[in-house]
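All values derive from a computational prediction rather than experimental measurement. Each chain gets a letter, A, B and so on, in the order its sequence line appears, and its residues count up from 1.
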Amino acid sequence: MVCRLSTRLLNICIASLCRAHRLDKAETVIADSIRLGILPDAVTYNNLIDAYCQLVGVDAAYHVLDRMREAGISPDVVSYNSLMAGAAMEGLLPRLQGLFEEMCQKDIHPDVWSFNTLMHCFFKSGKPDEANKIFWYIMNNDLSPSPATFNIMINGLCKNDFADYALTLFWYLRSCGLVPEIITYNILIDGLCKAGRVRAAKRILKELGKSGSAPNAITYTTVMKCCFKNRQFRQGFEILSEMERKGYTFDGYAYCTVIAALVKVGRTKEATHYMEQMMRNGIQLDIVSYNTLINLYCKEGNLEVVSKLLCEMEERGLDCDKYTHTILIHGLCRSGDIKRARQHLHSMNMSFDSKLVAYNCVVDGLGKDGQIDNAMDMFKSMERKDTFTYSSVVHNLCKARRYRCASKLLLSCVRNGLKLLDSAQRAVLEGLSDSGFPSEVNKIRSIIRIARMSHY
DNA sequence: GTAGGGTTAG
């Protein structure tokens with residue numbers, strides 16, 4: 001009895017050390033307890049497996065499984081579920097499948113958690129069909145789906161362009177005896193917003209209001225972000241005020257959303273206010289918050305603080321990502337230092353897709369600097385181009401009054417199934433008509449109309 | 001004891 005009670009105390013202690021990321025200390029406590037005759041049980045090891053997965057990696061966690069067996073304790077479904085969650089977190093689908101098989105071979109029956117994790121990893125690995133199969137396996141084999149089953153499905157479907165299917169599942173959920181959670185609403189609202197289905201998202205938000213459960217800070221951040229993405233800044237900032245009025249706690253996500261939006265509309269003073277508040281509230285900066293702050297200081301032209309932040313990141317062992325580089329390149333272009341921007345772009349050791357936005361910045365920077373031929377050269381050298389690449393070049397060609405060249409690009413853009421930004425399209429059409437090519441204008445208009453129809 | 005929100009180009 002005493003020993004069992006002590007093991008429970010040991011587990012409470014280990015759980016709290018793991019939460020505090022103090023793995024070394026947890027190991028010392030376990031070793032000391034064993035010396036005192038207090039033996040760890042399955043819960044102790046499962047806690048440890050979970051912590052190793054999150055803090056070190058699934059391989060390190062697997063060693064704990066070996067130690068568990070050596071201590072005469074059989075790993076159970078929780079041990080395997082934790083390991084599989086670790087593999088899913090690292091996106092290691094084959095590893096997860098291996099663990100799943102190993103578990104079945106050892107006659108440990110997978111539960112709905114195991115299947116949920118498998119489904120999640122299939123989605124993460126870009127295999128929505130496989131995930132869908134698992135979902136229907138759960139449904140058809142009476143494995144009692146949990147709310148998480150639906151959350152993972154709805155999230156995965158939204159992120160893989162199946163927003164309609166996600167909506168259907170949302171309405172279907174109740175007939176399985178489940179009630180949507182706040183997470184379910186948040187996932188769906190975000191998914192629909194990102195799919196451009198703002199009206200459907202509003203309907204779900206209304207549904208949340210009717211459900212009796214309250215939106216949380218994540219709901220607010222999600223909806224706010226959706227407004228900003230659609231350039232509805234006024235509405236977005238109204239949601240911000242409401243969030244403040246109602247006393248919601250801001251975390252790093254909320255602060256970064258607000259700061260980035262304020263920077264985008266040029267309200268850097270207010271952005272600085274929120275940044276200071278974020279610092280005062282002791283929010284730990286991660287790579288995304290550093291990028292947000294670097295962007296703010298770039299916009300203000302305070303390059304001294306930018307380099308200070310970069311040093312700080314390095315000291316803390318945080319690597320610059322594509323966003324950091326793109327923000328810096330954009331900052332250099334804006335300050336008129338196109339040469340350094342180009343150098344920085346070429347020093348980026350990443351895939352072309354990760355560099356696309358940075359390329360767009362430099363192409364635009366060259367055009368704005370009056371180097372339209374250099375801009376065209378860079379444009380031609382690009383492996384892939386998007387709406388922004390075309391729009392920026394077209395805009396700059398119009399500025400240089402090279403309307404014929406701009407209209408050719410506009411047409412090739414349409415042929416590639418891309419839409420030019422309205423402002424760029426207008427610039428071409430107005431330019432052509434002003435410089436005496438009205439028939440050209442009509443031709444382009446009808447080609448655009450036909451292209452749009454064929455895309456529907 | 002899973003699952004959700006944040007950063008770049010116009």
Taking only distance into account, with no hydrogens and no angle test, what donor-acceptor pairs under 3.5 Å do side-chain atoms of residues 221-230 of chain A form with protein atoms, sequence neighbours excluded?
unit_1   : atom_1 : unit_2   : atom_2 : d
A/Thr221 : OG1    : A/Ala217 : O      : 2.7
A/Thr222 : OG1    : A/Ile218 : O      : 2.6
A/Asn230 : ND2    : A/Cys226 : O      : 3.0

By nearest-heavy-atom nucleotide on DNA chain B, the more 5' of A/Arg231 and A/Ala254 is A/Ala254
For the residue pair A/Tyr359 and A/Phe352, does the interplanar ring angle fall in the parallel (under 30°), tilted (30 to 60°) or perpendicular (over 60°) class?
tilted
Hits for salt bridge (charged side-chain N to carboxylate O under 4.0 Å, His left out) against A/Glu270, two or more places apart or cross-chain, chain-then-number order -> A/Arg267
Please classify the nucleic acid contact of A/Ala260 as base, sugar-phosphate, or nothing, using heavy-atom distances under 4.0 Å.
sugar-phosphate
By the 4.0 Å heavy-atom rule, please label A/Thr324 as base, sugar-phosphate, or nothing. nothing
Just checking A/Asn47: base, sugar-phosphate only, or nothing, at a heavy-atom cut-off of under 4.0 Å?
nothing
With a 6.0 Å cut-off on the ring centroids, do A/Phe150 and A/Phe170 count as close? no
Sequence neighbours left out, cut at 3.5 Å: what donor-acceptor pairs do the side chains of residues 47-56 of chain A make with other protein atoms?
unit_1  : atom_1 : unit_2  : atom_2 : d
A/Asp50 : OD2    : A/Gln54 : NE2    : 3.4
A/Tyr52 : OH     : A/Glu27 : OE2    : 2.6

Notebook entry, point to check: Counting any heavy atom closer than 4.0 Å, what does A/Asp386 reach on the DNA or RNA strands: base, sugar-phosphate only, or nothing?
Noted result: base
Contact span of DNA chain B against chain A, any nucleotide atom under 4.0 Å from a heavy atom, 5' to 3', runs B/dG1 to B/dG10
Here the salt bridge (Lys or Arg N to Asp or Glu O under 4.0 Å) pairs for residues 159-176 of chain A, sequence neighbours left out, are A/Asp164-A/Arg197
Within the structure shown, what part of the strands sits under 4.0 Å from A/Asn46 by heavy-atom distance: base, sugar-phosphate, or nothing? nothing
Original post:
Counting any heavy atom closer than 4.0 Å, what does A/Lys368 reach on the DNA or RNA strands: base, sugar-phosphate only, or nothing?
Top reply: sugar-phosphate
Hits for side-chain hydrogen bond (donor to acceptor under 3.5 Å, both in side chains) against A/Thr324, two or more places apart or cross-chain, chain-then-number order -> A/Asn291, A/Asp321
At 4.0 Å (heavy atoms only), tell me whether A/Ser146 reaches a base, stays on the sugar-phosphate, or touches nothing.
base
Within residues 153-177 of chain A, the residues having a heavy atom closer than 4.0 Å to DNA chain B are A/Asn155, A/Lys159
Within 45 degrees of the ring normal and closer than 6.0 Å to the centroid, is that where the cationic atom of A/Arg95 sits relative to A/Phe100? no
Regarding A/Ile327, tell me which of base, sugar-phosphate or nothing describes its non-hydrogen contacts under 4.0 Å with the strands shown. sugar-phosphate
Per the under-4.0 Å heavy-atom filter, residues of residues 115-123 of chain A near DNA chain B come out as A/Asn116, A/Thr117, A/His120
**OP:** Indicate yes or no for a side-chain donor-acceptor contact from A/Ser211 to the backbone of A/Ser213 under 3.5 Å, with no hydrogens or angles considered.
**Re:** yes
Using atom types as modelled, flag every donor-acceptor pair under 3.5 Å from a side chain in residues 247-254 of chain A to any protein atom, sequence neighbours excluded.
unit_1   : atom_1 : unit_2   : atom_2 : d
A/Tyr248 : OH     : A/Pro215 : O      : 2.8
A/Asp251 : OD1    : A/Tyr253 : N      : 3.2
A/Asp251 : OD1    : A/Ala254 : N      : 3.1

What verdict does the ring-ring contact (aromatic ring centres under 6.0 Å, His included) test give for A/Tyr390 and A/Phe379, after you've listed the backbone C-alpha separation in whole Å, the side-chain angles of each residue and the deciding distance to 0.1 Å?
CA-CA 9 Å; A/Tyr390 279 102; A/Phe379 173 81; 5.4 Å; yes
### Task
Classify the nucleic acid contact of A/Thr257 as base, sugar-phosphate or nothing, counting any heavy atom under 4.0 Å across all strands shown.
sugar-phosphate
Residues in residues 186-198 of chain A with a heavy atom under 4.0 Å of DNA chain B, by number, are A/Asn186, A/Ile187, A/Asp190, A/Lys194
For this session: Would you mind classifying the nucleic acid contact of A/Asp422 as base, sugar-phosphate or nothing, using non-hydrogen atoms under 4.0 angstrom?
Result: nothing
The complete set of salt bridge (Lys or Arg N to Asp or Glu O under 4.0 Å) pairs with one or both residues in residues 344-368 of chain A, sequence neighbours excluded, reads A/Asp353-A/Arg384, A/Asp364-A/Lys368
message: Any salt bridge linking A/Asp422 with A/Lys419? Criterion: basic side-chain nitrogen under 4.0 Å from a carboxylate oxygen.
response: yes
Sequence neighbours excluded, the answer for side-chain hydrogen bond (donor to acceptor under 3.5 Å, both in side chains) partners of A/Asp190 is A/Lys194
